[in-house]
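Contents: one structure, followed by commentary.
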Number of protein chains: 2
Amino acid sequence: MTSGDDVKDADAALVNGEAPPSRHVPLDRGRILDAAISYIDEQGLAGLTMRRLGQALGVEAMALYRYVAGKEELLDGVVDRLVAGMQADDQVLDRPSDGWQDFVQRLAHGVRRVALAHPKAFPLVASRPPEAPWLRPPLRSLEWVEAFLAGLESEGFSDEAAVAAYRAFTSFLLGHLLLEVSTLGADLGPLDVMEESVEPGLEDFPMVSRLRRQLAEDKAAVEFEEALEELLNRMALVRQEGDGG
Amino acid sequence: MTSGDDVKDADAALVNGEAPPSRHVPLDRGRILDAAISYIDEQGLAGLTMRRLGQALGVEAMALYRYVAGKEELLDGVVDRLVAGMQADDQVLDRPSDGWQDFVQRLAHGVRRVALAHPKAFPLVASRPPEAPWLRPPLRSLEWVEAFLAGLESEGFSDEAAVAAYRAFTSFLLGHLLLEVSTLGADLGPLDVMEESVEPGLEDFPMVSRLRRQLAEDKAAVEFEEALEELLNRMALVRQEGDGG
DNA sequence: ATGAAGCGGTTTACGTTGTAAACCAAGCAC
DNA sequence: GTGCTTGGTTTACAACGTAAACCGCTTCAT
């Protein structure tokens with residue numbers, strides 16, 4: 001009866017690139033990962049549960065296991081998808097086109113952008129068990145490591161210089177971004193804005209108490225910029241020295 | 001089993017003649033926290049469970065709840081205890097006695113020492129939900145923040161300079177140490193030493209493949225030293241400029 | 001058309017987790 | 001003795017991750 005028509009309509013819509021109107025969208029791995037990221041963004045990492053994630057997708061928990069091997073593997077997929085999100089960022093170049101400084105700067109800001117877009121999920125990038133010593137968080141993707149190293153060497157960096165730069169770059173990113181998203185969680189965490197709060201137990205620490213306001217100021221952006229500039233200076237130095245063994 | 005220190009405390013106490021021979025040592029908060037740290041060190045953070053921790057202490061899980069409010073609170077206690085462990089480190093000063101550079105350097109190495117002593121537990125210091133914007137990991141203790149700020153100001157740092165230094169210091173520590181303990185876990189993780197291994201799927205990444213060996217080298221110690229030196233230079237600069245608004 | 005195969009989802013079930021609540025055994029005050 | 005307090009156990013429960021079995025589709029060979 002109606003089935004033939006339905007199928008034809010669905011096919012036509014599918015060919016048209018539209019979403020199937022009435023029936024379940026067939027739930028692929030990408031949708032699961034995206035839903036997981038959204039869930040973490042909204043409810044926090046601790047709230048993520050297979051059952052609840054299934055619920056958010058209108059499906060039972062066990063259905064997810066057709067697409068992900070388990071929760072650990074799901075989380076791995078989440079960090080993959082996060083770093084892969086940088087590939088879509090057209091501000092980030094996959095090779096230097098305007099000098100290596102520009103290249104590194106764009107890459108750094110790309111990583112920072114995904115960190116700020118997903119503050120609750122970003123710590124995952126740092127805390128997942130490491131796969132190899134040459135995959136340093138938060139650059140958890142062979143593609144980007146390759147791009148970084150190749151990019152630098154194409155701009156005159158030696159092997160040693162490129163590797164050293166890679167190490168310094170990841171350390172810089174991890175420290176700054178982890179702290180930035182961390183304090184970002186602390187700012188929105190307390191319910192009231194507490195404009196002039198007298199925190200309890202702070203009277204034993206006069207320095208902290210006195211500098212309370214300046215310590216609470218959010219200067220993460222300029223700090224990031226300055227530290228990045230400093231890093232570029234160091235990289236420029238190590239670039240033009242033959243070897244430093 | 002390489003080391004059987006499960007009842008070491010009981011043995012020591014027993015030799016001292018402190019505790020009655022057959023009766024239980026009465027299990028205080030400190031013992032629980034220490035046992036938790038040991039457990040994490042040996043079995044990993046994921047393996048830590050209230051029941052198993054109780055078992056390691058020769059007690060039922062629920063007994064722990066007389067001393068800790070819950071698992072979260074237990075983990076908070078663990079990081080407190082870790083940073084408090086620095087107080088016992090006599091290499092670390094609580095105020096500058098030989099210049100601020102020496103002071104900062106000793107503090108940095110103190111933090112690094114606890115990170116390396118407890119690589120599996122250290123990520124906790126970074127990932128615990130933040131309590132206040134002025135408590136930046138890994139310096140998660142009002143005492144140490146106070147000591148740091150007071151120490152710098154006693155050596156001629158202005159308010160702004162001290163705060164800026166505090167921020168840079170924590171970012172530096174967090175990035176470097178988290179990465180160091182992370183790769184430390186990756187080194188001992190794979191079972192065989194795989195001296196000359198051809199990793200699968202690396203042929204699409206010629207740079208990474210070629211620099212594999214240099215990337216796997218452990219230069220964490222010298223990197224730490226160099227980056228710390230660089231940080232001190234920056235701090236010296238910001239110290240002797242009036243204000244940078 | 002008809003049956004076999006298999007893809008994609010659900011149901012059920014099991015062991016483990018964190019923890020509330022009730023329970024109980026000593027030690028101490030009176 | 002009778003109680004109270006302190007510190008541990010037992011029991012219980014909801015929620016978790018996930019293995020296994022169980023369908024209802026669609027698809028395809030015959």
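Every chain is numbered from 1, with letters handed out A, B, ... down the list of sequences. All values below come from the heavy atoms of this structure, side chains included, with hydrogens, waters and symmetry mates left out.
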[X] has an atom [atom1]; how far is it from atom [atom2] of [N], in whole Å?
{"X": "B/Met62", "N": "D/dG7", "atom1": "CE", "atom2": "P", "value": "15 Å"}
{"X": "B/Glu72", "N": "C/dT17", "atom1": "CD", "atom2": "P", "value": "16 Å"}
{"X": "A/Lys71", "N": "C/dT16", "atom1": "NZ", "atom2": "P", "value": "18 Å"}
{"X": "A/Arg31", "N": "C/dG8", "atom1": "CZ", "atom2": "P", "value": "13 Å"}
{"X": "B/Leu27", "N": "D/dT9", "atom1": "CG", "atom2": "C1'", "value": "13 Å"}
{"X": "B/Gln43", "N": "C/dT17", "atom1": "CD", "atom2": "C1'", "value": "17 Å"}

Inset, instruction - Please determine if a side-chain N or O atom of B/Arg52 lies less than 4.0 Å away from the OP1 or OP2 oxygen of C/dT17. - result: yes
Inset, instruction - For C/dG18, take OP1 and OP2 only and decide whether either is under 4.0 Å from a side-chain N or O of B/Thr49. - result: yes
Legend entry - Donor-acceptor pair, side chain of B/Tyr67 and main chain of B/Leu27, under 3.5 angstrom: yes
Legend entry - Proximity to the side chain of A/Tyr65 - top-ranked nucleotide from D/dT18, C/dT11, D/dA12: D/dT18
Inset, instruction - Would you mind telling me which of D/dT10, C/dG18, D/dG17 lies closest to the side-chain atoms of A/Met50? - result: D/dG17
Inset, instruction - Return the orientation label for the B/Phe224 and B/His176 ring planes: parallel under 30°, perpendicular over 60°, tilted otherwise. - result: perpendicular
Legend entry - Note: A/Arg29-A/Glu73 ion pair, threshold 4.0 Å (strictly below): yes
Inset, instruction - Before accepting this row, confirm whether a basic side-chain N of the pair B/Glu217/B/Arg212 lies closer than 4.0 Å to the acidic partner's carboxylate O. - result: no
Legend entry - Pairwise 5' ranking along DNA chain C for A/Arg51 and A/Glu60, keeping only the more 5' one: A/Glu60
